[in-house]
Every structure is written in structure tokens, then in C-alpha cells.
Amino acid sequence: MEKHHIETMIDEEAVNTRIKELGEEISRDYAGKTIQLICILKGSVYFTCELAKRITVPVIMDFMQCSSYGAATKSSGVVKLSKDLDMAITDRHVIIIEDIIDSGRTLSHLKNLLAQRNPKSLKICTLLDKPDRRVVDVDVDYVGFQIEDKFVVGYGLDYDQLYRNLPYIGVVEFE
Ligand code: IMP
Ligand code: MG
């Protein structure tokens, strides 16, 4: 592993405040409905749990895993589905929860895949968005923070599987 250190980009309080706001917004938008939250493993685990706690309408959680990244910090462009959902989403109000949208490949692939199962509605919520890096266009309905093109970790995001447990968003600075 290259020599590096982590600099804080978004501190713990700011992340938690923003997630609370997103939870309130989603609760208003889905009043009277039940939401099926799709957590994209592993990166979205922390965000999904914090967000779910802030949603006041009924929530069902399910998990899905796919990968487009190897051990490196650059996308391979290949999206592989390694764990499918346990439950059907037909006629459900579905929100896909992502940690970060980078090239957009993962989410555009997942959205197309889930749309084929005929949910009643299908939206996307991401904690972070790096718009400068977009290769594939995707409609994102809820965004926590737009960030510049830096490699970030924490709050579920990893660098070679490390740092997911940081309670804030940090930038990896290579020395
Ligand atoms: P995309 O398919 O290029 O949009 O990539 C999305 C996935 O790449 C995310 O779910 C992350 O797992 C990973 N990723 C993209 N940018 C970063 C980053 O800055 N830090 C950690 N993981 C990232
Ligand atoms: Mg991920």
C-alpha cells in the first residue's frame, strides 16, 4: 500500500446533519407509503442504517452487492453482481442507496436491472456525488453532498477495504 494519510473533508457532525435532512425529505416525499431500501454492499451499509433511522414512514431493507472496483482507486468499468436481493420489488416503492456516484456505471447498470422487475417507483439516493467524473448519465433523486474529484474514504467508503469505519468523510492524500 502506497504511503498516505487521511485529511478530513466532511466532519462527523456535518455528515449526520445532512443524513437527518435527507431522512426528513424522504419521509415527506413518501408519506403514507412503505419504502423498500436497497443497500448496495458494502459501501452503503453505514449510510443506509443512519438514513433508515431518520425515516419515519415504514421501511423494509434489502441488500445487494456488486463491484466495479478492484483493489485500486480507479474504476475498471466492469460491474459484477455478486449478491442479489432476497425479496421481490414488484409493485414496491424502491430507493437504491449508494455511497458514491463516480462514473455512474454501477448505478445505471443497477437501475436498469431493478427497473425490469417492475417496482411501483424507483429512485436513487447517494451520500456523495462526484459529478466531474460522470461517464454514464444517471438521474439521482437525493444527494447528500457534491464533492470534487478526490478519492474519499470513511462512512462506508474504503481504500483497499480499509477506513470504512471512519465516522466522517476523509480524503486520501498520497505522500
Ligand atoms: P461508479 O460505477 O464509477 O459510479 O463507481 C461507484 C463505486 O465506486 C462506488 O460504489 C464506490 O464503491 C467506488 N468509488 C468511487 N469513488 C470512490 C472514492 O472516492 N472512494 C471510495 N470508493 C469509491
Ligand atoms: Mg461501492
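In each ligand, atom 1 is the first atom listed, and ligand 1 is the first ligand listed. We use all heavy atoms of the structure for the numbers below, so side chains are in, but hydrogens, waters and symmetry mates are not.
- Contact between Ile100 and ligand 1 is present, with at least one heavy atom of the residue lying under 4.0 Å from the ligand.
- No heavy atom of Gly43 sits closer than 4.0 Å to any atom of ligand 1.
- Listed by number with element, the atoms of ligand 1 under 4.0 angstrom from any heavy atom of Glu98 are 10 (O).
- For the pairing with Cys125, the side-chain contact (heavy atoms from CB on, under 4.5 Å) check across Asp141, Ile96, Leu51 returns one residue only, Leu51.
- Within the 4.0 Å heavy-atom shell around ligand 1 one does not find Arg133.
- At a heavy-atom cutoff of 4.0 Å, ligand 1 is contacted by the backbone of Lys150 but not by its side chain.
- Among Leu157, Asp160, Thr106, Val172, the residue whose heavy atom lies nearest to atom 5 (O) of ligand 1 is Thr106.
- Aromatic ring orientation, Tyr142 versus Tyr30: tilted (interplanar angle from 30° to 60°).
- In this structure, Asp158 has a heavy atom closer than 4.0 Å to ligand 1.
- Every atom of ligand 1 is numbered from 1 in the order shown, and the set under 4.0 Å from a heavy atom of Arg105 is 2 (O), 4 (O).
- Aromatic ring centres of Tyr163 and His4: separated by under 6.0 Å.
- In the vicinity of Lys130, heavy-atom distances shorter than 4.0 Å reach the ligand 1 atoms 16 (N), 17 (C), 18 (C), 19 (O).
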